[in-house]
Structure formats: C-alpha cells, structure tokens
Amino acid sequence: FQNVLALNPDHIEAHFYQGVLNLEKNNLVIAEQAFKKVLHYQPEHLMALNNLGVIALKEDLPQLAIDYFTKALSLDHEHLEARNNLAATFIHHDRFENALMHYDVLLKKDPHHIEYLYNSGVAQMALGHLQEAIDHFETLLSVDDHHFDTLNNLAAICLRINQHEKAIALLERALLVKPNDEVTQFLLDVYQKHEKQREACPTYTKNLFNNYALYYDEHLKGPLNYTLPQVVGRLLHQFVHNHIKKAIDLGCGTGLCAGPLRELSDHLTGIDISSKMLAQAKEKGVYDELIESELISFLDTNTDLYDLAIAMDVLPYLGALDPFFQHLYQRLASPSLLIFTHEISDSAPWQLQESARFCHHPDYVHTLSRQQRFELLHQEKIIARQQNEQAVEVMIYVMSKA
C-alpha cells in the first residue's frame, strides 16, 4: 500500500487499508491519519467514519466516537456495525435509553443475536425495567444456556423480586460454567446460608457499587431515607474542636458524608473501591484527592497519616475486622479521631446476612479497638436507613487515638 501511495497519493483504498492494518496493530495515530485521508477524498466513506469512531473509543473520547458513528448512520441507516458500535458506546457510558433505541432496531434485524440480547437486558435491568430484562435474558439462554453473565444477571433480578430458589438454581448453573468465580460463590454462600463466617468478596462489592453509582444518591436520599450524613455532621461538630489538617473518608462512595468533613479539614481524601462512585464524588468537587482502592490494601500500603477518619456504612462489606483496626491504627496520627458504623449482630462476633452484608457484635468491636489502644468516646444506636420498609439499625462510634 505504501508503494501504491508513492505512485498515486490519492488512492482511497490504499489509504483505507493502511488505516485498517495500523488499527489492528493499535498504531492509532497513523490509523487516524489514514482514515482522515480517506474522508478528505471521500467524505461519506462509511467504514472510515466507523473506524474513526473505534479509534476515538480507544483514545477515551466517547463523544467524538458517538459523533463518528452517528454520522455513518445518518448516511446509511442500515449500517449495522456503526449502529452496534454506537449502542455499545452508550451502554458503556450508562446512557441506557439511547442504547436501547438502537438495540431495538438491531434486534428486529436479528432477534436471536447474543450481544444485542445481552446488552439490551443489561440496559433494561439498569433502568429498572425488570420484566423486559428477564425477557431478553431468557431469550438469550434459549440460544446459549451456558452464557455466564446472563445467568448471573438473571439471578440478580430473581433476588430483587424475592424468587430466591430460582436465583440459587441460576447461580449454580453459572458456577458450573465458571467453577472458580468468586462473586457467584459468594452469592451462593449468602443465599444457601452455608457459610455465615466466610470472608468478604471485594469483587462483589466493586461490581455492586459500579452498577449502583448512577442512582445511588437519589435512592439513598429518597426511598432509603439515609441519615448518616446528618449524624456524622452532628458528631463532628460535637467532638472536633480544632481545624483538621488531613481527613480521610474511607469508603467515600459518591461523597454524601463529605460536606461536614470539608468544612473542618484543610485536606480531604476519599477512597473507594468503585471507580464509578468516585466519578460521581469528583463531580461534587469537595475532595482534594480521590483514590480507587480496596480498603484494607490501601490502609496496608499507604504511608500518609490522617488526623480524622470516618468509615460510614463500610464495615458491612468486611467480615473479620482485625485487619481493619490494625492497619487503620497505623494510618492515624497522634492524636486523631475515628468515626465509624457497623450493622449489629446479636450473637456471633460477625456473620454474613441475607442482604449480602456483614453484621458485627459490639463486644467484638470493643475488643478489637481496645487491642489497638483506641479510646471509646461515644457509642450510639441509630437508624441509618429504611430497607424493604424496615428500619435498619446500626451502631455508630467515636474513638480517639492518643
């Protein structure tokens, strides 16, 4: 192709195939130049537009990708590759309504296409259209009854609508497909009630909150009547008497509890396992630093010292708490303050609940905190939120490190 272009610099096909070959080798700059050359000579070249959209996605420029795919579709409404790429881009960036509009068209062309069915099911599930999602997933399983992600998503829907036996059967089928999948095994342990003392599953937590991030604030502030931001604000103003140099919000989520921390601290760090929760927190503009990390790993490897730490609604995603208290003690300056909550066990030191969250006994928490030489300043039972029309009680603590 280079030889062809040396003899004929405006040879469209040679430019196009140079772009294709360089795109396959991930030489994005050269590929982009080649496809733009094609458009210079032929502005309505559909595959050049489509491939420029693919390059934009690889360069993390989603809106530019959408523009290229949309232009290709405006020239040819039957261009399935551009439509599929556009729909997949919308799915990846949580624009589910836009994605469904295109998947509806694609499914009319090919009603049993696995990718179209799966992504449509995911979009319907994310929008809360559970019956539509079930229909897509069940159609997909009639084509491929070993589709792992579909089995898991359909199980998740069954759990939401209290069809636990059906959910367990689907999870068992999924585990046959991928016997070592830790999230599937974790959920089976939750709902088969076999492993109440099993450890937490960080991958489950990460997936849960990545899927929840877009609607998290609205859900907690609305139906769940989440009270922890107000309670944290009250306790901070009660126990913090001087301005804080460095504060950290452990498991910060979207930053719902960050307001009072921001008022009292010069530098505020937020840490969370979910990238999409952190993206929502970043938009609020209240943190000086946001870190994506699993909590215990962060506490183990980080070397900074903090004067104040809060961990609101974080311990329900941890089992045994020994590592949490041990590593956190090392990350706190002297003196410093710690505020945290946990759901309440009335018997075992800690156990896994049907909510897939862990509860802990106050005596267990007292023992671990004393071992690390934390001083208890305040303990209070509060209602943190509503769940299935029931009040969820948690214990909240204020502790100090001398």
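Looking only at atom types and distance, the side chain of D249 has a donor-acceptor partner in the side chain of Y287 under 3.5 Å away. For the residue pair Y103/H136, the side-chain donor-acceptor check at 3.5 Å is not satisfied. Side chains of Q386 and N225: no donor on one and acceptor on the other come within 3.5 Å. In summary, the side chains of Q131 and H129 do not present any donor paired with an acceptor at a separation below 3.5 Å, with no hydrogens or angles considered. Under 3.5 Å, the side chains of R385 and Q387 contain a donor-acceptor pair of N or O atoms.
Taking the six-membered ring for Trp and the full ring otherwise, Y212 and H219 have centroids separated by under 6.0 Å. Between F90 and F69, the distance from one ring center to the other does not fall under 6.0 angstrom. Between Y317 and F209, the ring centre distance stays below 6.0 Å. For H378 and F239, the ring centers sit closer than 6.0 Å to each other. Aromatic pair Y364/H361: ring centres not closer than 6.0 Å.
Applying the side-chain contact (heavy atoms from CB on, under 4.5 Å) rule to Q63 yields the partners I66, D67, R95; only residues at least two apart in sequence or on another chain are considered.
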Donor-acceptor contacts under 3.5 Å from residues 3-17 side chains, at least two apart:
from	atom 1	to	atom 2	distance (Å)
H11	ND1	A14	N	3.2
H15	NE2	P9	O	2.7

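For the side chain to side chain donor-acceptor pair (under 3.5 Å) test with K276, the passing option among T254, D94, N210 is D94; the others fail.
You'll find the side chain of L376 stays beyond 4.5 Å of the side chain of V398, heavy atoms only.
The side-chain tip of K401 points at the ring of Y329 from less than 6.0 angstrom away and within 45° of straight on.
Note that the CG atom of L250 and the CD1 atom of I271 stand 6.5 Å from one another [nearest 0.5 Å]. If you take CD on Q326 and CG on L321, they are separated by 10.5 Å, rounding to the nearest 0.5 Å.
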